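First up is the structure itself, then whatever we jot down about it.
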Amino acid sequence: MIIRPYGYALWENIQKTLDAKFKATGHKNAYFPLFIPQSFLAKEEEHVEGFAPQLAVVTHGGGKVLEEPLIVRPTSETIINAMFAKWIRSWRDLPLLINQWCNVVRWELRTRLFLRTLEFLWQEGHTAHATAEEAEEEARRMLEVYREFAEEEMAIPVIVGRKSEAEKFAGAVHTYTIEAMMQDRRALQAGTSHFLGQNFAKAFEITYQTKDNRLEYVWQTSWGLSTRVIGAIIMVHGDDQGLILPPRLAPIEVVIVPIWRSDEQEAQVRKAVERVKDELRGVRYEFDDRETYTPGWKFNEWEQKGVPLRIEIGPREVEKEQVVLVRRDTGEKSITPLEGLKERIEASLVEIQKNLYSKALTFREENSYQVDDYEEFKRILEGPGGFLGAHWCGSAECEAQIKEETKATIRAIPFQEQERGKCIRCGEVSVQRVVFAKAY
RNA sequence: CGGGGUGUAGCGCAGGUGGUAGCGCGCAGCGUUUGGGACGCUGAGGUCGUAGGUUCAAGUCCUAUCACCCCGACCA
């Protein structure tokens, strides 16, 4: 996957907002090596097994066969925890709250742009705590950070919940997820947060001395969000005209397209554009005065790129001291006076952000079902597809059978759902509904 | 890793039965244009994925090989 400047600018905006949230919750950034000695990975049994099929392994270095192969990090639990073991001595060193922005490699058999690439960019948080409660709280806190980010910044509503044993991260005690519905009604895991318990602590001997001088293993979490979310933004908001980017993350919030014929008109329009630029201070805008393209061509190009707002300004507007404002999400055009333009733009960007969210939410709700009959369950999945709230007995057998028969997996076990019922497949007692869907 | 498909100009493609490599878009120059993907003229651009082979002659036939795409099993 190659990320060109416009796409990378989007990722930078994602990084900027998330990074601020991490810092605000007490985390610090650090960087760990790309290459990890193979033996590190082998220390946590479930973790190796989970990742073994996906590893890129370096066998040669400097023209020689390496004594111990190096794996290219698929995630950094092992190398980070090897260091945590050295850094943590006392309860005073806890909690240790670290985040890393980096690339990782997973040797996927089948790739899909943005959603499943051999190499991707992400952030991975790794924390160590004195108690299970604190670690659990941290895992839930960061899940909440992701939820808020998805909904407020990406304008994507998400289901929050826990993963089933089959779907959890290899090495975690349990995994939390935010799941979003794409426009083809499939589910996409947009971020995850793991409660690791003491699995890695025991594998890497990460211990600390308590206040009363006992030696205890730490309790840990890890959590990540990747460039996959760019795919989510495209697939949730895009339409036949191209991308529709949420204003809060869009590299360009407003594009100004000037229109003129004569040199005289050009001079007048340029002068008016200067006023518009003044109004746009603090807004991410671009003035597209390329001469080789017609205004109509530019309209189409910026629409494809998903710029939320377009300002058109030509002789007619100059004369009346106004501009034409066009929304990408609705296509709606409105005449707006130069006077007070800033307020109108800002209000409009907020409006677009809200509208994208509510459109996505409506779509998800329209394609979510409560299902109690397995035949209907199958019918929906074969037909339109969507999120299915269904009872599940909790057995891995039923989960696997349902997956085999319908291709649907348990995307999330929602928090706080109490209603009891009967397993959609076997009819045994179920304590709550879970969300089934076909996933990417 | 199995099944299918495609490699010909920057991009998208056409090139039955072997015989001088083409079209559209894009690109360059000039002119006219510019309020929803402008038009005319002129022009540049190709070891036909790669390597062998058959033939007087291969984009075309044969063999091998590589790459990419799609569909399934594994995965953020």
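This structure is a prediction, so every number in the text was calculated from the model and none was measured. Order of the sequence lines sets the chain letters (A, B, ...), proteins ahead of strands, with each chain counted from 1. Just so it is clear, the values below take in all heavy atoms, side chains as well, and ignore hydrogens, waters and symmetry mates.
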Round to the nearest Å and state the distance from [X] atom [atom1] to [N] atom [atom2].
X	N	atom1	atom2	answer
A:Glu312	B:U34	CD	C1'	13 Å
A:Tyr293	B:G36	OH	P	18 Å
A:Trp297	B:G26	CH2	C1'	10 Å
A:Leu118	B:C74	CG	C1'	14 Å
A:Trp107	B:C1	CH2	C1'	15 Å
A:Leu55	B:C74	CG	P	18 Å
A:Arg290	B:C27	CZ	P	11 Å
A:Glu167	B:C74	CD	P	10 Å

Original post:
For RNA chain B, which residues in residues 298-307 of chain A have a heavy atom at a distance below 4.0 Å?
Top reply: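 By residue number: A:Phe299, A:Asn300, A:Glu301, A:Glu303, A:Gln304.
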
| task | Under 4.0 Å from any atom of RNA chain B, heavy atoms only: list the residues of residues 260-275 of chain A that qualify, in numerical order. | result |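 Within residues 260-275 of chain A, the residues near RNA chain B are A:Trp260, A:Arg261.
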
Under 4.0 angstrom, heavy atoms only, what part of the nucleic acid is [X] near: base, sugar-phosphate, or nothing?
X	result
A:Val324	base
A:Gly314	base
A:Thr117	base
A:Phe169	nothing
A:Arg112	nothing
A:Leu225	nothing
A:Pro74	nothing

Checklist entry - Has A:Thr294 got a side-chain N or O lying under 4.0 Å from the OP1 or OP2 atom of B:G37? => result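 So the side-chain polar atoms of A:Thr294 never come under 4.0 Å of the phosphate oxygens OP1 or OP2 of B:G37.
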
Taking atom [atom1] of [X] as the centre, report whether more than 12 heavy atoms of other residues, nucleotides or ligands fall under 6.0 Å from it.
X	atom1	result
A:Glu264	CD	no
A:Lys277	NZ	yes
A:Glu46	CD	yes
A:Arg248	CZ	no

Salt bridge between [X] and [Y], side-chain N to carboxylate O under 4.0 Å?
X	Y	result
A:Arg270	A:Asp289	yes
A:Arg310	A:Glu253	no
A:Arg379	A:Glu376	no
A:Arg328	A:Asp239	yes

[N] versus [M] - spacing of their [atom1] atoms, nearest Å:
N	M	atom1	result
B:G40	B:U33	P	15 Å
B:A51	B:A67	C1'	15 Å
B:C11	B:U54	C1'	35 Å

Requested in this report: Would you kindly compare A:Ile259 and A:Tyr440 by the position of their nearest RNA chain B nucleotide and give the one closer to the 5′ end?
Outcome: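 Residue closer to the 5' terminus by nearest nucleotide: A:Ile259.
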
(Q) Both A:Glu291 and A:Arg106 contact RNA chain B. Taking the nearest nucleotide for each, which residue is further toward the 5' end? (A)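 Counting from the 5' end, the first nearest nucleotide belongs to A:Glu291.
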
- Spell out, as yes or no, whether a donor-acceptor pair under 3.5 Å connects the side chain of A:Thr406 to the backbone of A:Ile402.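 It does hold such a pair.
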
Counting distance only, does the side-chain N/O of A:Arg162 pair as donor-acceptor with the main-chain N or O of A:Ile413 below 3.5 Å?
->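 Not confirmed, A:Arg162 side chain does not pair with A:Ile413 backbone.
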
Watson-Crick or G-U wobble mate for [N], both contacts under 3.5 Å:
N	result
B:U34	none
B:A21	none
B:U50	B:A64
B:A14	none
B:C1	B:G72
B:G43	B:C27

Closest nucleotide among [options] to the [X] side chain:
X	options	value
A:Lys407	B:G36, B:C74, B:A73	B:A73
A:Glu108	B:C74, B:A38, B:G35	B:C74
A:Arg316	B:G36, B:G35, B:C74	B:G35

- Kindly indicate whether the side chain of A:Lys333 and the base of B:G35 share any N or O donor-acceptor pair separated by less than 3.5 Å?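 Answer is no: no donor-acceptor pair is held.
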
Apply ring-ring contact (aromatic ring centres under 6.0 Å, His included) to A:Trp223 and list each qualifying residue two or more places apart in sequence or on a separate chain.
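ring-ring contact (aromatic ring centres under 6.0 Å, His included) check on A:Trp223 returns A:Phe22, A:His27.
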
Compute the centroid of each ring, for A:Phe436 and then for A:Phe377, and state whether the two points are separated by less than 6.0 Å.
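Centroid separation for A:Phe436 and A:Phe377: below 6.0 Å.
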
